[in-house]
Each structure stands twice: as structure tokens, then as C-alpha cells.
Enquirer: 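This is the structure, below, for whatever I ask next.
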Amino acid sequence: MRGGFRLGQLFGIQLGVDWSWGLIFLLLTWNLTTVFHEWHPSWSGGACFVLAVVAALLFFASVVAHELAHARVAQAFGMRVREIRLFLFGGVSNLEREPPSPKAELLIAVAGPLVSITLGVLFLFTATLTLSHVDPADPVATLASLGPLGTLLFWLGPVNLVVGVFNLIPGFPLDGGRVLRALVWRATGSLHRATEAATMMGRIVGWSFVLLGILMSFGAQIPFFGTGAGRGIWLAFIGWFLSSAAERSFGALLVEEALEGTRVGHLMRRSGYVVPVGTSVREVVNDWFMRSSDHAFPVVDGRERLVGLVCVADVRKLAQDRWDTTSVSEVMTPREELAVVSPNDNAHAALRKLGELNVDQLPVLDEGLLVGMLTRADVARWLELNMNDKPRFGAPRTA
């Protein structure tokens, strides 16, 4: 997994954690240790810290539940969900394609906030059952009477409610923005126009957060968000992220639209260097890598049957004094370990595969024989040439 590690699999969906999640986990644990000590002055710092770690883990489990709700509804509509990933700003469900209809988009979007709000209500209700002392005139004493379980629930309840309500803000790609997109899609019949409108709202919401964050940093008291430089910088950072994410989401739709109906065979490179299986590593270096800007070459037998792929990294692993005596077949990645595509495969699906595997090229096979190579550069060049007439966000439309 790029930029993180896997936690496991649930309902056929990979669960992963981005390295950036570690930062927010540490910050949340540190903050909660302080909060819990304020609630319970008699508790030791160690006890507050342990409870803070448990609370942080349960919070992120709640985030997974939120994303899993999106994913399960998407699966019900026949969509493949590759991964749920936790990262700096929470979590994201990685869907393989856009929803098939406005109804699907609406139900997928509301599923997450509904789960978060439900969890929040359940946590708060259960927390009230653990109260041994209730004094409306002295909330500090009420909090101090809570045990460890009640403390966890009283913190998790409001936090999940905030997550649910915040995600309903109508700024794409937040869930509320996706609800807006579903409604516009239903009204106009155009996913493109709906995404364009939702992206516009996402940018407005994002830059509004940036402005509010700046004002908070200079001492302004903003309802619900409060004041202070720390909170203001964080809100501005979230706003910048939302605005950027909205633009990326719209860009991804443009790419999908541009590649609609396009096959790998239209984009692949049909000619190029191939390496015979018996070639030495020295020959590959001198006659292939030094004569081309490519970083990888397919290795074939005499019938153009693919047997592997050799790249610069493979050569680097071998000492130079062994280049003359080592065959390329000994250092290449064998065919069994390679991801391949067919000339008739959807080009957008192939582009996703390039991204998922973090590779720059995929061999193209037809009935077991190598017929070409699909590279990121070739896809990018095709998009550059074929997206000029596509309406872009912020650009005027022509009839």
C-alpha cells in the first residue's frame, strides 16, 4: 500500500491507514489526555493517557463505520469498493467508478452521516445511564462523577454527532455536497452539470472556511468554531483541503468522461524495444536502457510471448561485475507476478490499475502474446489531445 499500511479486509474491502493518520492520532491523544484530566482532576496522568488512547482508537473505529456505511450501500448498487483508508482528515471510501444513478448517489452519500449521528445518539444515551450524580447547576461535578466508560461515551457521543452534521455541509466532496450533486443530477439529468455545481459549492465552502480560520487566528469569535490561532489555522487547512479535493474530484470526472468508450488498444504503444529472454544484463544496459528513456522493457521468448519485465531497479540490485554472466531472466519480474491488460479492456479501468499499483506501464496481452505496452505518459498525452473540447470547471459552455 502506497503511503501507509493495511489493517485487513472487511466485506471484501481493504482497510488501510495513511501515514498522515499517525499525526492526527498523536494530536488527538495528547488533547484528550488534557481534556480528561480537566474532567477528572483526581485521576493520574497515566490513567488519562490510557483512556485518551482508547478514545482515539474508538473514534477512528467510528470513522471506519461511517465509511463502511458508504461502501456497503455502494456495493448494494453493484459498485466495487477497493479500499477504505484513514488519513489526516478522517476517512475515504475508494469507489471504482461514479454511482450509476442520482438515487444511488443520494443513498450512498447519506449512509455515512446517518451512521455517525446514530452512533452519537446511542453513545450519549448509554452515557446517561452511567451517571451516578447529576447536578444541572454544576456540570463540572457531573462530569467528575463519570467512570471510565461513561467518560468515553460522553466524549464519543458529541464527536460522532459533529462528524455526522459536519459531513452534511453541502460542499463537494463532503457527503452533503454529494447529496447536492444527486439532487442537481436528478433535476438536470446530467452528472457533469451536477458535479460542476457541487464543485462550485465545494470551493465556496472551502474558501469560506479559510476566511473564517484567518479571522479566528486574529481573535474573532466564530459561532460553533470558537476562536484562537490553533483552531483558526486548522479550520483554514480543512477549507483549503476541501477546495482542492473538490477540484480533483471534478478533474477525475473529466478524465473518466474523456476515456469513456476508449479501449486500451487505442492508447497502447504497439512498437518499441523488447528484450529476448536470453539477453545478458550487460546487453540490456548498453543496448536498451542506454538507448532509450524508458525505465522498463518487456522480456519475451522467440514467439513474442511475454515472460517478464525488466526495469532499472532490477539491474541496480545486481553487482556490475556480474552483468556479463547473468541473464535478464534471472533479474526480471516474472510474468506470473505482473499485472497485465488486454487491448479490449476499458482505458479508464487500466488507468486506475496503473495508479493502484503505482507503476508506469502495463504489458498488453492478446491471447497470451505481447501486442503492446500501456504507459502513464501515453494516457496523459492522449488526454491532453482529446480533452481540449471538454467543458472544464469555470469555463464557458458552448451549445
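Remember, it's a predicted structure, so these values are computed and weren't measured experimentally.
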Enquirer: State, yes or no, whether a side-chain contact exists between Ile169 and Phe209 at a heavy-atom distance under 4.5 Å.
Expert: yes
Enquirer: Using 0.5 Å steps for rounding, measure from the CE atom of Met332 to the CG atom of Leu338.
Expert: 8.5 Å
Enquirer: Could you pull out all residues at least two apart from Phe154 that satisfy ring-ring contact (aromatic ring centres under 6.0 Å, His included)?
Expert: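 Phe154 satisfies ring-ring contact (aromatic ring centres under 6.0 Å, His included) with no other residue.
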Enquirer: May I have the step-by-step check of side-chain contact (heavy atoms from CB on, under 4.5 Å) for Leu267 and Asp378, ending in yes or no?
Expert: CA-CA 7 Å; Leu267 310 184; Asp378 292 333; 5.5 Å; no
Enquirer: I need the full list of salt bridge (charged side-chain N to carboxylate O under 4.0 Å, His left out) pairs touching residues 157-185, with sequence neighbours left out, sorted by first then second residue.
Expert: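 For residues 157-185, and leaving out neighbouring residues, the salt bridge (charged side-chain N to carboxylate O under 4.0 Å, His left out) pairs sorted by first residue read Glu98-Arg181, Glu105-Arg178, Glu105-Arg181.
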Enquirer: List the steps and the verdict of side-chain contact (heavy atoms from CB on, under 4.5 Å) for Met201 and Val184.
Expert: CA-CA 12 Å; Met201 184 59 69; Val184 177; over 6 Å; no
Enquirer: Is Trp30 isolated, or which residues cluster with it under the ILVMFWY side-chain rule of less than 4.5 Å, directly or via members?
Expert: none
Enquirer: Has the side chain of Arg85 got a donor or acceptor atom that lies under 3.5 Å from a matching backbone atom of Asp18?
Expert: no
Enquirer: May I ask you to check whether His37 and Phe49 place their ring centres under 6.0 Å from each other?
Expert: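 Centroid separation for Phe49 and His37: 6.0 Å or greater.
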Enquirer: Is any side-chain heavy atom of Arg269 less than 4.5 Å from a side-chain heavy atom of Val364?
Expert: no
Enquirer: List the residues meeting side-chain hydrogen bond (donor to acceptor under 3.5 Å, both in side chains) with Trp43, not counting sequence neighbours, and say none if there are none.
Expert: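 Testing Trp43 for side-chain hydrogen bond (donor to acceptor under 3.5 Å, both in side chains), a comparison that skips the adjacent residues, returns none.
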Enquirer: So do Phe172 and Val205 actually touch side chain to side chain, heavy atoms under 4.5 Å?
Expert: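 No - every pair of side-chain heavy atoms lies 4.5 Å or more apart.
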Enquirer: To the nearest 0.5 Å, what is the distance between CE (Met200) and CZ (Phe250)?
Expert: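 Answer for the CE-CZ pair, Met200 versus Phe250, is 10.0 Å.
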Enquirer: Is any side-chain heavy atom of Arg335 closer than 4.5 Å to a side-chain heavy atom of Val340?
Expert: yes
Enquirer: Starting from Val163, can I reach Val35 by hopping between I/L/V/M/F/W/Y residues whose side chains sit under 4.5 Å apart?
Expert: yes
Enquirer: For Gln221, does the CD atom have more than 12 heavy-atom neighbours from other residues, nucleotides or ligands under 6.0 Å away?
Expert: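 Correct, the count exceeds 12.
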Enquirer: Report, as yes or no, whether the 6.0 Å neighbourhood of atom CZ on Arg231 holds more than 12 heavy atoms from other residues, nucleotides or ligands.
Expert: no
Enquirer: Please answer: with hydrophobic residues joined when any side-chain heavy atoms are less than 4.5 Å apart, are Trp382 and Leu254 in the same cluster?
Expert: yes
Enquirer: Check whether the side chains of Ser327 and Ser329 place a donor and an acceptor atom closer than 3.5 Å, and report yes or no.
Expert: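 The answer is yes; a qualifying pair exists.
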Enquirer: What distance do Leu32 atom CG and Leu27 atom CG have between them, rounded to the nearest 0.5 Å?
Expert: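 Answer for the CG-CG pair, Leu32 versus Leu27, is 11.0 Å.
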Enquirer: Give a yes or no on whether the backbone of Ala220 and the side-chain of Thr227 come within a donor-acceptor separation of less than 3.5 Å.
Expert: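 Looks like yes, one N/O pair under 3.5 Å.
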Enquirer: When rounded to the nearest 0.5 angstrom, what is the spacing between CD in Glu256 and OG1 in Thr262?
Expert: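 The CD atom of Glu256 sits 11.5 Å away from the OG1 atom of Thr262.
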Enquirer: Find the distance between CG (Leu365) and CZ (Arg305) and round it off to the nearest 0.5 Å.
Expert: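 Between Leu365 CG and Arg305 CZ, I get 9.5 Å after rounding to 0.5 Å.
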Enquirer: So which atom in Lys353 and which in Ala339 form the shortest heavy-atom distance, rounded to 0.1 Å?
Expert: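 Scanning both residues, the minimum pair turns out to be CD-CB, 4.2 Å.
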Enquirer: Write down the atom of Ile84, the atom of Ala71, and the distance for their closest heavy-atom approach.
Expert: CD1-CB, 4.2 Å
Enquirer: Before you tell me yes or no, could you show the steps for Val81 and Gln75 under side-chain contact (heavy atoms from CB on, under 4.5 Å), namely the whole-Å CA-CA distance, both residues' side-chain angles and the distance that decides it to 0.1 Å?
Expert: CA-CA 7 Å; Val81 185; Gln75 288 178 328; 4.0 Å; yes
Enquirer: Look at the aromatic rings of Phe237 and Trp240 and report parallel, tilted or perpendicular, splitting at 30° and 60°.
Expert: parallel
Enquirer: Just wondering, are more than 12 heavy atoms of other shown residues or ligands nearer than 6.0 Å to CD in Gln9?
Expert: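 Counting neighbours around CD of Gln9, more than 12 heavy atoms of other residues, nucleotides or ligands fall under 6.0 Å, so yes.
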Enquirer: Asp345 side chain to Ser342 main-chain N or O, any donor-acceptor pair under 3.5 Å?
Expert: yes
Enquirer: Does Trp155 share a hydrophobic cluster with Ile24, counting links as ILVMFWY side-chain heavy atoms below 4.5 Å and allowing steps through other members?
Expert: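 They do share one cluster, since a chain of ILVMFWY contacts under 4.5 Å joins Trp155 to Ile24.
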Enquirer: Any idea which heavy atoms bring Ala65 and Leu119 closest together, and the distance?
Expert: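 The pair with the smallest heavy-atom distance is CB-CD1, 4.2 Å.
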Enquirer: Strictly distance-based, threshold 3.5 Å: is any side-chain N or O of Ser292 a donor or acceptor partner for the main-chain N or O of Trp288?
Expert: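 Not confirmed, Ser292 side chain does not pair with Trp288 backbone.
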Enquirer: Going by heavy atoms in the side chains, are His70 and Pro113 under 4.5 Å from each other?
Expert: yes
Enquirer: For a quick test of reading the model, state the closest non-hydrogen atom pair linking Thr130 to Gly150 and the distance between them.
Expert: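 Heavy atoms only, the tightest pair is OG1-CA, 3.4 Å.
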Enquirer: Could you list who else is in Leu183's hydrophobic cluster, with ILVMFWY side chains joined at under 4.5 Å, directly or through other members?
Expert: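 Once heavy-atom contacts under 4.5 Å are chained together, Leu183 belongs with Leu106, Val110, Val179.
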Enquirer: Quick check against the 3.5 Å criterion: does Ser243 have a side-chain atom that pairs as donor or acceptor with the backbone of Gly239?
Expert: no
Enquirer: For Leu259 and His348, which heavy atoms make the closest approach, and how far apart are they?
Expert: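 Looking at all heavy atoms of both residues, the closest pair is CD1-CA, 3.7 Å.
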Enquirer: Atom CG in Leu15, atom CD in Glu67: separation rounded to 0.5 Å?
Expert: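 Rounded to the nearest 0.5 Å, the CG-CD separation comes to 11.0 Å.
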Enquirer: Other members of the hydrophobic cluster containing Leu191, with the 4.5 Å side-chain heavy-atom rule, please.
Expert: Trp185, Leu253
Enquirer: Please tell me if the side chains of Thr188 and Glu196 come closer than 4.5 Å, counting only heavy atoms from C-beta onward.
Expert: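 Counting from C-beta outward, Thr188 and Glu196 never come under 4.5 Å.
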Enquirer: For residues Ala104 and Pro100, report the shortest heavy-atom separation together with the two atoms involved.
Expert: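 Minimum heavy-atom contact is CB-CD, 3.8 Å.
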Enquirer: Are Val121 and Leu152 grouped together when hydrophobic residues (ILVMFWY) are joined by side-chain heavy atoms under 4.5 angstrom apart?
Expert: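 The answer is yes; both residues are in one hydrophobic cluster.
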Enquirer: Would you kindly confirm whether Phe59 and Leu149 end up in one hydrophobic cluster when ILVMFWY residues are joined by side chain heavy atoms under 4.5 Å apart?
Expert: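 In one cluster with Phe59: Leu149, yes.
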Enquirer: Salt bridge or not between Glu384 and Arg381? Use side-chain N to carboxylate O under 4.0 Å.
Expert: yes
Enquirer: Between Val53 and Thr29, is there a side-chain heavy-atom distance shorter than 4.5 Å?
Expert: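 Touching, per the 4.5 Å side-chain cut-off.
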Enquirer: Answer whether the closest heavy-atom distance between the side chains of Ser116 and Asn167 falls below 4.5 Å.
Expert: no
Enquirer: For Glu337 and Pro334, indicate whether the former's side chain and the latter's backbone hold a donor-acceptor pair under 3.5 Å.
Expert: no
Enquirer: With side-chain contact (heavy atoms from CB on, under 4.5 Å) as the criterion, how do Thr151 and His40 come out once you've worked through the C-alpha distance, each side chain's angles and the decisive distance to 0.1 Å?
Expert: CA-CA 9 Å; Thr151 299; His40 304 284; 2.8 Å; yes
